[in-house]
Amino acid sequence: MRGAAAPGHQRWSGSAGTTPRSLSTGSSPRGSERSSDDGEELVEVTLDLQEDDTIILRSVEPAAAGGATALPLGARGDHAGGASSSSRSLSPSIRRTSSHRLLQFSQELKAEAMSIARQFSQDLTKRFGRTQSRAEGQGQQQQPSSGIESALAARAARRQRAQLDRTRSGAHKALRGLRFISSNKANNAWMEVQANFDRLASEGFLSRSDFAECIGMTESKEFALELFDTLSRRRQVQVDKINKEELREIWQQITDNSFDSRLQIFFDMVDKNADGRIGEEEVKEIIMLSASANKLSRLKEQAEEYAALIMEELDPEGLGYIELWQLETLLLQKDTYMNYSQALSYTSQALSQNLAGLRKKSPIRKISTTLSYYLEDNWKRLWVLALWIGIMAGLFTWKFMQYRNRYVFNVMGYCVTTAKDAAETLKLNMAIILLPICRNTITWLRNTRARALPFDDNINFHKTIAAAIVVGIILHAGNHLVCDFPRLINSSNEKYAPLGQYFGETKPTYFTLVKGVEGITGVIMVICMIIAFTLATRWFRRSLVKLPKPFDKLTGFNAFWYSHHLFIVVYLALIVHGQFLYLIHVWYRKTTWMYLAVPVCLYVGERVLRFFRSGSYSVRLLKVAIYPGNVLTLQMSKPPAFRYKSGQYMFVQCPAVSPFEWHPFSITSAPGDDYLSIHVRQLGDWTRELKRVFAAACEPPVGGKSGLLRADETTKKALPKLLIDGPYGSPAQDYSKYDVLLLVGLGIGATPFISILKDLLNNIIRMEEEEDASTDLYPPVGPNKPHIDLSTLMTVTSRPKRVLRTTNAYFYWVTREQGSFDWFKGVMNEIAELDQRNIIEMHNYLTSVYEEGDARSALITMLQALNHAKNGVDIVSGTKVRTHFARPNWKKVLSKIASKHPFAKIGVFYCGAPVLAQELNKLCHEFNGKSTTKFEFHKEHF
C-alpha cells in the first residue's frame, strides 16, 4: 500500500560503491542533468512510505544518463522541497537487476532511508501545499492557505479510505484490466513483431508511423502512436524512429503482467505534461482518443461533457486535477457502478439446481441420451425425409421392374430402366417442390394442431428436393443421350423391328431423336434449370461473385428472383414433354399431368390470392425515418383484416421501385399496436433503390428528433405507394409455448424479436391491469372488511385469468455500429421502464469496441459505469440498457441460463449469419446432454 503522506513513490539516488558515505534525493527523470563529482556509479531507488512509518524498497536500478541532480544526504529544507516539487509518480513495479553489487547496496541503503523517510514526507507535504497554492492563484484571486490545506487534507483522507486490499481475487481482477496486448498474443507474438520489424524497418530503424502495424494495432493507429510517444517520454527521448532493441524494451513494457506497470503507462498517456496530475483537458483528449480507437463517433462529440463528469466524480475537493490512485480506484471499483442490467445476475438459489444431468454416465447411457435428444429434436425432419425417400425408392423399383420386363430392355439394356426410373422420381419431385413455398398454406397449418410437420424447414426441404431434381436430370437425360440413343441407332434391323411402332419404320438418326418434341422440350427444361439453379446459389444470390459490367446484373437478389420465374417455362415444357413419350402412347399411362395437377393448382391459387389480397390491403404511410447504418423504418396504418402474431413477416412491394418484386420483412410492431412497422436495411439493389426513393421524399430532422431524414403525414412531398401481403408464419411465432426465451439477433436480425419483446411487455401490462381490476372488484375479506355478495364473487371467479407461460426472456443483440442502437431505442427504453417484474433482460453487444480489460476500451468502460450510475443512461447506446463490448461468450450465456432455470423448456431463436447458427445449435445439443434444462434451437429462414 502507498502511504498517504507522499503522493506516489519517491526516487532516491546514491553511489553504488562500498558502504555509501552519502545518500541523495533525485527529482523526476525529466529533471535537470545528473552529475557525480567523484565519478561513482549512481543508482535510482524507489521507496514506498507506509502509514505506520515503515518503508518498503520497491526497486534499485542504475540511474539514467540524463536524470536529476543528486543532492547530498544532509540536504534539507528548500533543497528537499525543491526536489519534491518536481517529483512524480513512477512505475512501482519491481525491476529485478542481475547486479549483485546493486542488491548488496540496496540492503545497506534501507537502514539509512528509514531515518529520513518521515522528515522527507513532511517537507514534501509543505512544498506541495505551496506549489499548489501558486498554481491555483495564477490569473485568479489567491485562495486562503487554509482552504488549500483543508482540500488537501480531505483528499488525503479520501485516499486513505480508498486503499485497496490486494487480495488474491483483487489481484486477479486487476490482471484482467488494462491489457495493451491480449495475453495470448503477448505470449506468442514477439516473433511476429520481429518479422514485422524486419519488413518495415529502414536501415535498422522503425519509423513512428509504422509502429502500429509492427505491433498489430493497425485498426487503432492513433492509440498506438500515443502509446509510442508516452513510452518515449518515459525514456526521456523524443524520437521518430527506434531500433530493434528499443522496440523489444517497449514490447516488454506493454506486455508486462504487472497491473501497476500497465496502470502507470495508461496514466502517463493521459498525463501529457508529465506533472503527475491529470487535468480536465487531458481527460477530454484521452476520451477522444479511446472513442476514435473504438469507432464511437458520438462519444467524441460528447467528450467535454464526459470529461467534466469524471472530474466531478474523482475531484470532489475541486483541486482541478486527479492523481494515479484515483484513476486506479475508478478502474478497479467500476463494478460497484455496474448494478444495472447485469448479464444474467442470478441468485445463489439458482446455483443449487438439480445436478442429476451432471453425474457421470456410462458410455451406453451417454449414447442413448444423445440419441434420444437427437430424435426428440429431429423426429419431424426424419419422418418426412424417410417418407419422401421411401416413395422415391418405391417408384424407382416399380418402374425398373416394369421396363425390365419389356422388349426395349433387350435393345437398350439397363440404360433405359435407369432413365425411366429417374423420370418417375422427377415427376414426383417437380410436383412436391412447389409445396414448401405455398406460404399461405403453411401459415394456416401452423395455426392448426398439425404439429407433426417441420414447418421451420420448408426452405431447406425445397433446396433438398431441388438437389434431387439435379440428380434425376443427370440420370434421365444422361442415359438417354449417352446410352439409349446410341444403342438404338447401332442396333441391328432385326432387333429394331419390334420398336418401329414407337420410333417409326425407318431407324432414326441421332439428330432426328434430339430434334423431336421430346428432345427440344427436354433441352429447354435443362437450360432453364441450369440458369435458375446457378443464380439461386449463395455465391450469386448474395453477390459474393464479382463480375465485370454489364455481367454484374447476373448477381444479387433481383437476378435470383427473376430467374426463378423461369419455372413457368419449365412446367409448360414438362407438360408437353410428358405428352410426347417415345415408348408410351396410351393417354392414361402418361402420368406427368397427374403428378402436377394438385400442387400446381394449389400454387397458382396462392399466387392469385396474393394478387387480390395485396390490392385489398390498402396502407397509408404514417412515418418514415432513415437511421444510421442505412436502415429505413416504415410505419404504416394497419388494415382492419390484417391479423398477425409476433415473429411473423410480410411481403412488401413498392411500385416506384419495381412493379413485380415482393420482398419479405419481419414485422417489428406488436399485434396490439394500431400500426404496422418494418425496418429495412440496405443490402441489395432493391433495398438500395427503396432507400433512395424514400430519401427523396423525406426532410431533415427538426426538433432534436432522431434519424437522418424523416417524413410523416405532414410532409409536403408525396410519399411513394406501398403494397403489403401477409402475414406469413415463422419459427418465432411459437415463442409462447416455451417457459424461457433466448432471443439472439445479429445486426438487422433483431427485427423479428422486437415484436416479441413488445408483445411480452403488452401482456405483462394487461396481466397487471387485470390483477388490479380483480382486487378492486374482490377486496380482501376479514373481520373489518365488507361482505362480498354472491353476484360479485361469481363475476370475479368466472372471468378467465390471463396466464403467461413465458416467465423470462433474454434478448441478445450483437451489432458492429453504434448508430444501430437508434433503430429500437424507444422500445428498449420502454421495456426497461415498464418491466417492473424483470421478466425481460436485454443485452446489447457492440463488436467495434475492444473487449473489457483492453486498455483501448478501459476509459470507456469506466465512463460507461459512472454515467449510468449517475444518470441512468448508457453512453454507447443512449438507452437504459447496458452495452457490453466485443462478442458474447455463448457457452457461458447458455450455462448461466441452464443454472437459473432447471427443468425449464427454453426456446432459442436466432436470426443472423449461418456461422453463429451452427455454434448455437451445437451448444444447445451439448447442454441438453449434460443439464436438466431442455434447449430447442430455431433459426429464421427467408
Side-chain angles (χ1 to χ4, degrees), residues 434-448 450 453 455-459 462 557 561 564-565 602-624 632-681 683-684 686-687 690 720-736 748-756 758-759 909 911 938-942:
L434 296 173
L435 298 179
I437 55 176
C438 292
R439 294 187 176 90
N440 286 290
T441 304
I442 292 176
T443 302
W444 175 74
L445 290 173
R446 276 182 182 273
N447 296 327
T448 65
L453 295 174
F455 298 117
D456 297 349
D457 296 303
N458 63 318
I459 300 299
H462 179 76
F557 186 85
W561 193 86
H564 246 55
H565 282 74
L602 181 63
Y603 182 77
V604 170
E606 288 232 349
R607 295 299 294 259
V608 172
L609 174 63
R610 287 178 57 180
F611 175 78
F612 287 106
R613 187 171 58 185
S614 62
S616 65
Y617 282 159
S618 177
V619 296
R620 186 181 73 259
L621 283 169
L622 303 177
K623 187 174 71 173
V624 179
L632 171 68
T633 301
L634 301 176
Q635 190 177 110
M636 63 203 80
S637 60
K638 183 168 70 172
F642 194 94
R643 295 182 178 87
Y644 65 98
K645 296 181 179 180
S646 292
Q648 291 185 332
Y649 65 96
M650 65 182 182
F651 278 82
V652 175
Q653 184 198 74
C654 181
V657 177
S658 172
F660 305 109
E661 294 183 47
W662 291 84
H663 292 261
F665 297 99
S666 296
I667 304 173
T668 52
S669 55
D673 295 335
D674 58 357
Y675 61 88
L676 293 174
S677 66
I678 59 172
H679 288 67
V680 182
R681 183 160 195 183
L683 293 175
W686 188 87
T687 52
L690 183 73
K721 182 182 178 181
L722 274 187
L723 298 177
I724 65 171
D725 176 55
Y728 293 102
S730 71
Q733 76 174 58
D734 297 324
Y735 76 90
S736 57
I748 199 65
T751 50
F753 308 129
I754 294 300
S755 177
I756 292 177
K758 293 174 70 175
D759 193 36
F909 296 93
C911 186
H938 303 275
K939 181 183 182 301
E940 294 291 327
H941 296 279
F942 292 105

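These figures come from a predicted structure and were not determined experimentally.
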Answer yes or no: is there a donor N or O on one side and an acceptor on the other, between the side chain of [X] and the main chain of [Y], under 3.5 Å?
X	Y	result
Glu606	Thr441	yes
Gln648	Ser730	no
Ser755	Pro752	no
Thr443	Gly729	yes

Residues passing the side-chain hydrogen bond (donor to acceptor under 3.5 Å, both in side chains) test with Ser677, sequence neighbours excluded, are Thr668
side-chain hydrogen bond (donor to acceptor under 3.5 Å, both in side chains) partners for Ser637, two or more places apart
none
Could you tell me if the side chain of [Y] sits less than 4.5 Å from the side chain of [X], heavy atoms only?
X	Y	value
Phe665	Val680	yes
Pro436	Asp457	no
Met650	Leu676	yes

By side chain to side chain contact (heavy atoms under 4.5 Å, CB included), which residues pair with [X], not counting sequence neighbours?
X	result
Leu435	Ile432, Pro599, Leu602
Ile442	Arg446, Phe455, Asn458
Arg643	none
Phe612	Val608

Strictly by salt bridge (charged side-chain N to carboxylate O under 4.0 Å, His left out), give each pair with a member in residues 652-675 just once, sequence neighbours left out.
Asp673-Lys758
If you measure from [atom1] on [X] to [atom2] on [Y], what distance do you get to the nearest 0.5 Å?
X	Y	atom1	atom2	value
His564	Phe557	NE2	CZ	9.5 Å
Ser646	Gln733	OG	CD	10.0 Å
Met636	Ser669	CE	OG	8.5 Å
Leu690	Thr687	CG	OG1	7.5 Å
Leu632	Arg681	CG	CZ	13.0 Å
Ile437	Arg607	CD1	CZ	8.5 Å

Sequence neighbours excluded, the answer for salt bridge (Lys or Arg N to Asp or Glu O under 4.0 Å) partners of Arg613 is Asp725
Of the non-hydrogen atoms in [X] and [Y], which two are nearest, and what is the gap between them?
X	Y	answer
Ile678	Ser666	CG2-O, 3.6 Å
Cys911	Gly749	CB-O, 3.2 Å
Pro655	Lys721	CD-O, 3.4 Å

Using the rule given for side chain to side chain contact (heavy atoms under 4.5 Å, CB included), can you reason through Arg610 versus Asn440, listing the C-alpha separation, both sets of side-chain angles and the distance that settles it, and then say yes or no?
CA-CA 9 Å; Arg610 287 178 57 180; Asn440 286 290; 3.9 Å; yes
Counterpart residues, ring pair (Phe, Tyr, Trp, His ring centres under 6.0 Å), relative to [X] (two or more places apart):
X	answer
Tyr644	Phe642
Phe753	none
Trp686	His663
Tyr728	Tyr649, Phe651

